[in-house]
2 protein chains.
Amino acid sequence: MTGTNGVFMDDRQVSKVGSKALLKRMNRMRVLNTVRERAHIGRAEVADITGISRASVTYLVGELVKDGWLIEYDKGETTQAGGRPPILLQFNPDAMYAVVVMIGSERTTVAVGDGNAHMRYRETQPSVLGRSADEVVDVVVDMIGRALDTSGVDRQRVGGVAIGVPGLVDAHNSIVHYSARLPVMRDIDLGSMIATRVGLPVMVENETRLIGWGELKFGSGRGYSPLVCVSVTLGIGSCIILEDRMLSGSSYSAGQFGHMTIDEHGPLCECGNRGCWEALASSAAVLQRARGLDAAWAAEPTIPAILDAVKNGDRQAGKLMHETAVHLGIGLANIINIVNPSIIVLHGKMFEAGDAFLQTIRQTVSSRALKLPALNTRLIVSELGEQAGLAGGVTLVMRSVLESPLEQRANPFYV
Amino acid sequence: MTGTNGVFMDDRQVSKVGSKALLKRMNRMRVLNTVRERAHIGRAEVADITGISRASVTYLVGELVKDGWLIEYDKGETTQAGGRPPILLQFNPDAMYAVVVMIGSERTTVAVGDGNAHMRYRETQPSVLGRSADEVVDVVVDMIGRALDTSGVDRQRVGGVAIGVPGLVDAHNSIVHYSARLPVMRDIDLGSMIATRVGLPVMVENETRLIGWGELKFGSGRGYSPLVCVSVTLGIGSCIILEDRMLSGSSYSAGQFGHMTIDEHGPLCECGNRGCWEALASSAAVLQRARGLDAAWAAEPTIPAILDAVKNGDRQAGKLMHETAVHLGIGLANIINIVNPSIIVLHGKMFEAGDAFLQTIRQTVSSRALKLPALNTRLIVSELGEQAGLAGGVTLVMRSVLESPLEQRANPFYV
DNA sequence: CGAGGTTAAAACAATAAGTGAATTAACCTC
DNA sequence: GAGGTTAATTCACTTATTGTTTTAACCTCG
């Protein structure tokens with residue numbers, strides 16, 4: 001369509017011809033993001049940080065204030081040796097709201113969040129597993145409607161809907177191509193199906209990628225690049241974000257380390273291959289192996305039950321989790337060697353297994369990864385937890401509103 | 001220095017503030033590259049392809065012609081139903097020359113190439129292995145001097161020197177941080193050392209990354225993105241290029257798949273880890289294993305000797321190469337799963353082992369990689385061979401000349 | 001308390017890149 | 001050679017950025 005393959009989520013911008021509109025969008029975003037990241041900041045400092053001239057910053061900030069994205073929240077606090085105090089700027093979280101839907105294999109969640117990813121509303125329903133695609137759409141549309149009606153936010157200010165789905169998603173066209181967990185989602189144009197019924201722009205993205213966005217913009221990965229986010233649940237999902245761009249690949253599966261072989265002779269994986277990371281270190285793998293053990297918690301094992309057993313000093317459980325930590329470490333070492341990220345954010349219940357578990361992971365990483373990249377990679381556990389995906393949805397919606405061509409968008413805020 | 005980590009080789013551009021100069025550089029490059037890629041093209045078609053207006057294209061092409069980058073090589077050949085024929089444009093390979101140096105562990109090569117990466121001069125010397133850093137600089141400076149003197153190209157038209165080194169290179173600052181093959185190269189500011197003595201801009205880059213650039217711009221990978229280039233020699237080098245940007249990582253080691261674990265219980269690697277791809281599938285690994293065999297060619301094995309043995313039906317050699325192909329395939333499958341590239345270019349003598357060898361690789365890949373990304377990935381053997389690195393050097397020099405701010409550069413061509 | 005200093009923000013005029021519309025150039029066919 | 005067609009150029013216009021100047025708002029010190 002555009003000629004070059006869509007590799008980044010936002011390659012429209014980069015590969016588009018350089019027009020004055022593009023220039024302005026770039027600088028506008030730059031100013032807005034600078035204020036968002038370092039709040040309590042005046043125009044002059046924004047100019048210094050961004051490198052944009054003071055005159056342009058004044059102009060752009062003026063527009064952003066007029067449109068409601070920024071607020072001049074305080075006049076005060078002079079700097080240094082006297083001089084006029086800056087007019088302090090702040091991102092206005094109420095400029096825009098986003099509806100975020102997470103269609104998981106364990107539950108369905110809909111939330112409404114403001115620009116700071118604070119959720120004003122939330123509803124959780126059982127998983128849609130087993131339903132048809134149309135039924136899934138019905139459920140989601142229903143939940144979105146209820147969210148819009150009862151959350152109390154001004155519908156005019158809702159910038160759009162972001163939907164997270166486990167599986168292969170063409171985020172450009174909002175199409176779900178394939179999902180191992182939700183098999184009915186096969187080449188489904190989820191975006192259009194929902195957009196026509198809720199009357200809002202709809203974006204669809206892979207679940208783990210939403211989590212990655214959340215961690216990058218609101219979580220412990222704030223500002224790092226390249227960022228790798230690894231989410232361990234039944235499978236292992238992951239993504240790579242580079243300078244605010246999601247690495248997408250030629251068919252939407254870049255950054256997925258789950259099916260990386262780390263043991264060529266290892267156990268068979270769902271995908272047909274042997275020794276995938278996911279077959280050795282996911283929750284599913286742990287549960288699978290637990291079932292083969294002889295213990296009370298092993299009859300119908302759950303991750304929390306196993307973690308409990310570890311806490312109570314159960315030898316078998318301890319060994320199981322130790323081995324899992326080693327396998328996680330091997331995969332993480334690979335990520336470090338291959339991607340050389342500045343941060344890896346670890347996501348999922350399993351990382352609440354305690355210090356010993358993390359210790360084993362870290363030891364494995366530092367013994368198996370190359371020294372230099374290992375030293376340069378922060379390995380941290382998500383603080384956002386379940387919130388990450390929702391926050392990521394807010395990010396997507398906000399970007400889409402901000403980056404859509406100015407002309408095309410009747411400015412909905414403070415007109 | 002720039003605030004954000006240098007992730008792409010050319011992030012100056014992307015992260016820099018949007019100025020009119022940037023805009024012009026972008027469009028200029030776009031026009032130039034369009035003409036380079038689809039030669040025999042008129043201004044109107046360039047405008048259609050790039051999306052830039054006809055007026056701007058006229059202006060930009062005019063400037064590029066004036067500066068000597070493009071030539072109006074023919075007036076003829078009208079299109080369709082009459083009408084003025086376009087003035088056909090062509091990239092002018094003589095607009096700029098580049099000196100390219102490859103400091104390998106087996107030899108040192110210096111070449112002078114034109115804008116089409118045709119080499120006008122070449123000299124090869126034995127490897128600098130064992131020499132001190134200063135001696136290496138002496139050798140290189142000497143060779144560059146001879147190249148400039150005897151190649152016959154106008155020194156005014158030499159845009160710079162590109163140097164390829166096996167190892168960890170900070171291409172931004174032209175510093176070689178570490179090299180397993182040339183251990184004296186440790187935190188050496190090779191760029192400055194050579195630049196001051198030859199009086200030309202000098203760029204330093206990792207050997208495999210130069211090969212990748214060559215394949216992308218002049219080889220079989222032309223225009224593909226994302227492109228992965230894998231070079232199998234004693235070790236395994238590799239790189240990832242995305243939309244004309246080299247993936248660099250937070251400490252210059254992104255895209256290196258050599259030390260990716262594919263067998264956690266595998267043999268010990270030089271790096272201290274177990275089962276690295278490089279420890280299982282590189283030439284060194286093959287030679288190592290060959291030495292353990294009982295055959296005439298196994299006493300002092302070389303890759304050509306082993307390949308010969310295979311051709312002559314030697315069972316042991318056949319098995320050895322088959323297993324190597326499988327290991328190569330496993331690593332390539334990982335690359336496909338992780339990066340989801342649209343092409344992987346295979347580089348190195350080993351890929352001349354014949355159809356059976358490649359067949360085994362392909363079979364392994366298609367049985368072990370995920371179906372969709374595997375279908376979307378072309379797996380091809382380099383046509384450029386030894387030339388690739390040299391061509392890549394030309395690319396780097398040309399980019400640096402074209403992308404340097406217009407004001408700063410006294411235009412050396414056709415003034 | 002007011003003059004002089006300092007910094008921030010706004011206003012203004014200048015610059016320059018991209019673009020649409022109009023014009024000119026170069027070819028075709030009938 | 002008239003009318004049609006497409007390419008390239010020219011020109012007037014728009015607009016984003018910028019350097020400079022001006023105004024605003026604070027400080028300190030005598």
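Being a predicted model, the structure only gives us computed values, none of them experimental. Order of the sequence lines fixes the chain letters, A, B, ..., with proteins taken first and strands second; residue numbering starts at 1 for each chain.
- As rounded to whole Å, 13 Å separates atom C1' of D/dA8 from atom CG of B/Leu88.
- Here C/dA9 is the nucleotide among D/dA7, C/dA9, D/dT17 with the atom lying nearest to any side-chain atom of A/Arg43.
- Across the protein-nucleic acid pair, A/Arg28 atom CZ and D/dT15 atom P stand 15 Å apart, rounded to whole Å.
- Proximity of B/Glu215 to B/Ser220: side-chain heavy atoms (C-beta onward) are separated by under 4.5 Å at one or more points.
- Within the 4.0 Å cut-off from OP1 or OP2 of D/dA16, at least one side-chain nitrogen or oxygen of A/Tyr59 is found.
- Nucleotide D/dT15 holds its P atom 15 Å from the CG atom of B/Leu23, rounded to whole Å.
- Using a 4.0 Å cut-off between charged side-chain N and carboxylate O, B/Arg157 and B/Asp114 make no salt bridge.
- Under the 4.0 Å criterion applied to side-chain N and carboxylate O atoms, B/Asp94 and B/Arg120 are assigned as salt-bridge partners.
- Shown here, C/dC30 forms a base pair with D/dG1; the pair counts as Watson-Crick or G-U wobble because both key distances fall under 3.5 Å.
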A/Tyr73 vs A/His40, ring pair (Phe, Tyr, Trp, His ring centres under 6.0 Å): CA-CA, chis, key distance, verdict: CA-CA 9 Å; A/Tyr73 79 100; A/His40 321 300; 5.6 Å; yes

Quick one: which protein N/O atoms are closer than 3.5 Å to N/O atoms of nucleotides 23-25 of chain D? Pair and distance per line, please.
unit_1: D/dA25; atom_1: N3; unit_2: A/Arg84; atom_2: N; d: 3.2

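- One can place CD of B/Glu72 at 15 Å from P of D/dA7, the figure rounded to the nearest angstrom.
- Protein atom CD of B/Glu63 is 11 Å distant from nucleotide atom C1' of C/dA17, rounded to whole Å.
- By the 4.0 Å N-to-carboxylate-O rule, A/Glu243 lies too far from B/Arg245 to be salt-bridged with it.
- Nucleotide C/dT15 forms a Watson-Crick or G-U wobble pair with D/dA16, both donor-acceptor distances falling under 3.5 Å.
- Rounded to whole angstrom, the span from the CG atom of B/Leu22 across to the P atom of C/dA16 amounts to 16 Å.
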Report all side-chain donor-acceptor pairs from residues 51-62 of chain A shorter than 3.5 Å, counting only partners two or more places apart or in another chain.
unit_1: A/Ser53; atom_1: OG; unit_2: A/Ser56; atom_2: N; d: 3.2
unit_1: A/Ser53; atom_1: OG; unit_2: A/Ser56; atom_2: OG; d: 3.1
unit_1: A/Thr58; atom_1: OG1; unit_2: A/Arg54; atom_2: O; d: 3.1
unit_1: A/Tyr59; atom_1: OH; unit_2: A/Lys24; atom_2: NZ; d: 3.0
unit_1: A/Tyr59; atom_1: OH; unit_2: A/Glu63; atom_2: OE2; d: 3.1

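- Remark: the backbone N or O of B/Leu216 is not paired with any side-chain donor or acceptor of B/Arg222 at under 3.5 angstrom.
- Between B/Arg25 atom CZ and C/dG18 atom C1' there is a gap of 17 Å when expressed in whole angstrom units.
- At the phosphate of D/dA16, neither OP1 nor OP2 sits under 4.0 Å from any side-chain N or O atom of A/Asn27.
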Collect all protein-nucleotide pairs involving nucleotides 11-15 of chain C in which both atoms are nitrogen or oxygen and the distance is under 3.5 Å.
unit_1: C/dT15; atom_1: O2; unit_2: B/Lys20; atom_2: NZ; d: 2.9

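- Between A/Ser56 and D/dT18, a side-chain N or O to OP1/OP2 separation shorter than 4.0 Å is present.
- A donor-acceptor pair is defined here as one N or O able to donate and one able to accept, closer than 3.5 Å; such a pair exists between the side chain of A/Ser342 and the backbone of A/Ser225.
- Remark: P of C/dT7 and CD1 of A/Ile87 are 17 Å apart, rounded to the nearest angstrom.
- Under the 3.5 Å distance criterion, the side-chain polar atoms of B/Asn92 are left unmatched by any main-chain donor or acceptor of B/Ile71.
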